[in-house]
Novice: 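Got a structure for you, written out below as structure tokens; questions coming shortly.
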Amino acid sequence: MIIYNSLEEFNSIKHNLPKLSFVPTMGNLHEGHASLIDIAKKTGNEVVSTIYVNSLQFNDKNDFINYPKTLDMDIELLDKKGCNHLILPDSSILDNIKSIKAPIKSMKLCGAHRPGHFDGVLTILNRLFEIINPHSVVFGKKDYQQFLLVKDFIDEKKLNINIIGANTIRNNNGLALSSRNILLTEKDKLIASTLYKTLKDVEKNKAYLNSEYLKTKLDYLKSSGFKVDYLMSCDTESLEESYNINNNDLLIAVAAHLGSVRLIDNLVISKL
Ligand code: AMP
């Protein structure tokens, strides 16, 4: 694996490279990230990954400061997985950067609780897309709203990029793997797995889905120790609140804090 310590370094050699599949990350890599590299490898392209903790997408300064950093282990994992190129953008990525304003969909779900978050995500991704010029990009559907906004951004800007969504990788208790899980105690990890159990419960009872039913689940999460940002049932494309499971698949999405750690998860449930 070739490592580039800035976007400029990569930019100066990129004309020699074949088609690329791109996996953007913020580091502290786990099996979820590894699965994205596997998917990128399957495209047959060379694989390029980035590790960049994007300050623009953090609205909580402490969350940014505490974001786990494990660069040596990350490099080892990427190398083992057969990633061909790793870019470690330095702060010059922000020089003269063009700010991107995320569309209205970004104000729902996580965006309603993290003002400016998706503007920051799209601003950095736009820059990375410009420099890397990937044939394909792989995003995890754990961050469903991010996946959707990037898909829309690629469509709207008519970028010639194929976007691939990857399923969520979980631990044995169903907890979605996340870099932030490292900040949870073992006891908290068990509590955290209630999020997925709740989503599965909603799926099991989808015939009875309505706002009152979801409220009982929300109350249950609160009583289990979570500070819940949202538990919502929505249209999988518009992200508008919806309970119309007779005609459409629905996205059940949750974001909740356990102590100082913010967790998200979701499940797409199929129509009746
Ligand atoms: P992050 O490093 O958190 O910015 O995540 C980088 C990419 O990995 C994003 O596309 C995430 O959606 C994806 N990802 C994070 N956790 C998981 C997981 N548990 N399963 C699959 N993909 C994931």
Side-chain angles (χ1 to χ4, degrees), residues 1-57 67 69-100 102 118 120-143 146-167 169 179:
M1 182 171 73
I2 308 171
I3 300 178
Y4 311 84
N5 287 302
S6 67
L7 277 183
E8 290 69 36
E9 215 178 300
F10 178 81
N11 202 27
S12 63
I13 60 92
K14 73 175 182 195
H15 52 277
N16 291 320
L17 297 178
K19 278 201 245 174
L20 296 169
S21 291
F22 174 34
V23 179
T25 84
M26 296 206 297
N28 189 243
L29 304 183
H30 49 64
E31 285 306 310
H33 298 105
S35 76
L36 306 193
I37 301 289
D38 287 340
I39 291 168
K41 293 288 289 179
K42 287 206 182 104
T43 62
N45 298 333
E46 286 199 3
V47 175
V48 54
S49 189
T50 49
I51 295 179
Y52 181 67
V53 186
N54 171 15
S55 60
L56 302 181
Q57 73 184 62
Y67 201 83
K69 293 168 194 73
T70 52
L71 186 58
D72 291 346
M73 275 172 0
D74 294 349
I75 291 174
E76 207 177 300
L77 184 140
L78 289 171
D79 203 19
K80 206 169 84 196
K81 282 276 143 194
C83 179
N84 304 95
H85 307 272
L86 170 61
I87 311 174
L88 304 170
D90 64 3
S91 59
S92 68
I93 190 176
L94 298 174
D95 293 350
N96 302 317
I97 198 160
K98 181 174 168 235
S99 291
I100 304 290
F118 290 113
V121 169
L122 291 180
T123 296
I124 289 293
L125 278 176
N126 185 50
R127 181 103 184 95
L128 293 173
F129 287 170
E130 276 171 359
I131 300 288
I132 296 171
N133 192 21
H135 168 265
S136 298
V137 284
V138 189
F139 281 87
K141 287 195 187 166
K142 179 176 90 82
D143 300 86
Q146 170 174 273
F147 168 73
L148 203 59
L149 286 166
V150 177
K151 182 165 83 65
D152 289 356
F153 181 74
I154 288 172
D155 281 350
E156 195 219 321
K157 300 279 174 209
K158 299 190 170 42
L159 303 179
N160 202 9
I161 303 176
N162 169 40
I163 182 164
I164 305 171
N167 290 333
I169 305 294
S179 302

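Computed from heavy atoms alone, side chains included, the values below leave out hydrogens, waters and symmetry copies. These numbers come from a predicted model, not from an experiment.
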Novice: Any idea which heavy atoms bring L17 and L20 closest together, and the distance?
Specialist: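 Looks like CD1-CD1, 4.1 Å.
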
Novice: Kindly indicate whether the side chain of I163, heavy atoms from C-beta on, has any atom under 4.5 Å from the side chain of V150.
Specialist: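 Yes. Closest side-chain heavy atoms under 4.5 Å.
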
Novice: Going by the ring-ring contact (aromatic ring centres under 6.0 Å, His included) test, which pairs reach into residues 5-29, not counting sequence neighbours?
Specialist: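 Every ring-ring contact (aromatic ring centres under 6.0 Å, His included) pair that includes a residue of residues 5-29, provided the two are not neighbours, is Y4-F10.
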
Novice: Going through the distances and angles, do L94 and I124 end up as a side-chain contact (heavy atoms from CB on, under 4.5 Å)?
Specialist: CA-CA 8 Å; L94 298 174; I124 289 293; 3.8 Å; yes

Novice: Checking side-chain polar atoms at under 3.5 Å, does N11 have a donor or acceptor matched by the opposite partner on E8?
Specialist: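 Checked: N11/E8 side chains show no N/O donor-acceptor pair below 3.5 Å.
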
Novice: State, with a plain yes or no, whether a side-chain heavy atom of T123 is found less than 4.5 Å away from one of I97.
Specialist: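 Side-chain contact under 4.5 Å: yes.
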
Novice: Can you check whether S6's main-chain N or O pairs, donor with acceptor, with D90's side chain at less than 3.5 Å?
Specialist: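 No, because the side chain of D90 does not come within donor-acceptor range (under 3.5 Å) of the backbone of S6.
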
Novice: Please tell me if the side chains of L7 and R127 come closer than 4.5 Å, counting only heavy atoms from C-beta onward.
Specialist: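 Side chain of L7 against side chain of R127, heavy atoms only: contact under 4.5 Å found.
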
Novice: For residues S136 and T43, is any side-chain donor paired with an opposing acceptor at under 3.5 Å?
Specialist: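 No pair is found: no donor N or O on one side chain lies under 3.5 Å from an acceptor on the other.
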
Novice: Using 0.5 Å steps for rounding, measure from the CE atom of M1 to the CG atom of L77.
Specialist: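 Going from CE on M1 over to CG on L77, the span is 9.0 Å.
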
Novice: Do the non-hydrogen side-chain atoms of H33 and K81 ever get within less than 4.5 Å of each other?
Specialist: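 In short, these two side chains do not touch, never coming nearer than 4.5 Å.
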
Novice: Could you give the distance from CG (N167) to NZ (K141), rounded to the nearest 0.5 Å?
Specialist: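 Rounded to the nearest 0.5 Å, the CG-NZ separation comes out at 6.5 Å.
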
Novice: I39 and A166: which non-hydrogen atoms are nearest, and at how many Å?
Specialist: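 So the minimum-distance heavy-atom pair works out to CD1-CB, 3.5 Å.
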
Novice: Run I132 and I87 through side-chain contact (heavy atoms from CB on, under 4.5 Å) and show every step you take.
Specialist: CA-CA 10 Å; I132 296 171; I87 311 174; 3.8 Å; yes

Novice: Could you check if a side-chain atom of L36 sits within less than 4.5 angstrom of a side-chain atom of I164, using non-hydrogen atoms only?
Specialist: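 Sidechains of I164 and L36: no contact.
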
Novice: In sequence, state the C-alpha distance, the side-chain angles, and the governing distance for T25 and T50, and then conclude on side-chain contact (heavy atoms from CB on, under 4.5 Å).
Specialist: CA-CA 6 Å; T25 84; T50 49; 5.7 Å; no

Novice: Quick check against the 3.5 Å criterion: does E9 have a side-chain atom that pairs as donor or acceptor with the backbone of N5?
Specialist: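 Pair found, side chain donor or acceptor close to backbone of N5.
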
Novice: Hey, does N84 have a side-chain heavy atom less than 4.5 Å from the side chain of I2?
Specialist: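 Sidechains of N84 and I2: no contact.
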
Novice: Show, in sequence, the C-alpha distance, side-chain angles and deciding distance for M26 and Y52, and conclude whether the side-chain contact (heavy atoms from CB on, under 4.5 Å) test is met.
Specialist: CA-CA 5 Å; M26 296 206 297; Y52 181 67; over 6 Å; no

Novice: Does D74 reach the main-chain N or O of L29 with its side chain, forming a donor-acceptor pair under 3.5 Å?
Specialist: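 Yes, because the side chain of D74 sits within donor-acceptor range (under 3.5 Å) of the backbone of L29.
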
Novice: Check whether any side-chain heavy atom of E46 sits under 4.5 Å from a side-chain heavy atom of K19, and report yes or no.
Specialist: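 They are not in side-chain contact.
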
Novice: Judged by atom type as modelled, is there a donor-acceptor pair below 3.5 Å linking the side chain of K14 to the main-chain atoms of I131?
Specialist: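 Yes.
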
Novice: Mind checking whether F139 and P24 have side chains closer than 4.5 Å, heavy atoms only?
Specialist: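 Yes. Closest side-chain heavy atoms under 4.5 Å.
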
Novice: To check you understand the geometry: which heavy-atom pair defines the closest contact between F147 and G165, and what is its length?
Specialist: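 What the structure gives for the nearest pair is CE1-CA, 3.4 Å.
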
Novice: Quick one: closest heavy-atom pair of G120 and N54, and the distance?
Specialist: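 The answer is O-ND2, 3.0 Å.
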
Novice: Verify the neighbour count for atom CG of N16: are there more than 12 heavy atoms of other residues, nucleotides or ligands below 6.0 Å?
Specialist: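 Above 12, so yes.
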
Novice: Under 3.5 Å, is there a donor-acceptor pair between the side chain of S49 and the main chain of V23?
Specialist: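 Looks like yes, one N/O pair under 3.5 Å.
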
Novice: Return yes when atom CG of N160 has more than 12 non-hydrogen atoms of other residues, nucleotides or ligands closer than 6.0 Å, and no otherwise.
Specialist: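 No, the 6.0 Å shell around CG holds no more than 12 heavy atoms from other groups.
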
Novice: Do N28 and T70 have a side chain donor and acceptor closer than 3.5 Å?
Specialist: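 Yes, side-chain donor-acceptor contact under 3.5 Å.
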
Novice: So, K69 side chain and G27 main chain: donor-acceptor pair closer than 3.5 Å or not?
Specialist: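 Absent.
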
Novice: Take atom CD in E76; do more than 12 heavy atoms of anything else shown fall under 6.0 Å from it?
Specialist: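 Counting neighbours around CD of E76, 12 or fewer heavy atoms of other residues, nucleotides or ligands fall under 6.0 Å, so no.
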
Novice: Residues two or more places apart in sequence or in another chain: which of them pass side-chain hydrogen bond (donor to acceptor under 3.5 Å, both in side chains) with D155?
Specialist: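 If we apply the side-chain hydrogen bond (donor to acceptor under 3.5 Å, both in side chains) test to D155, skipping adjacent residues, there are no hits.
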
Novice: Looking only at heavy atoms, which two atoms of L128 and P89 are closest? And how far apart?
Specialist: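 Closest pair (atom of L128, atom of P89, distance): CD2-CG, 4.4 Å.
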
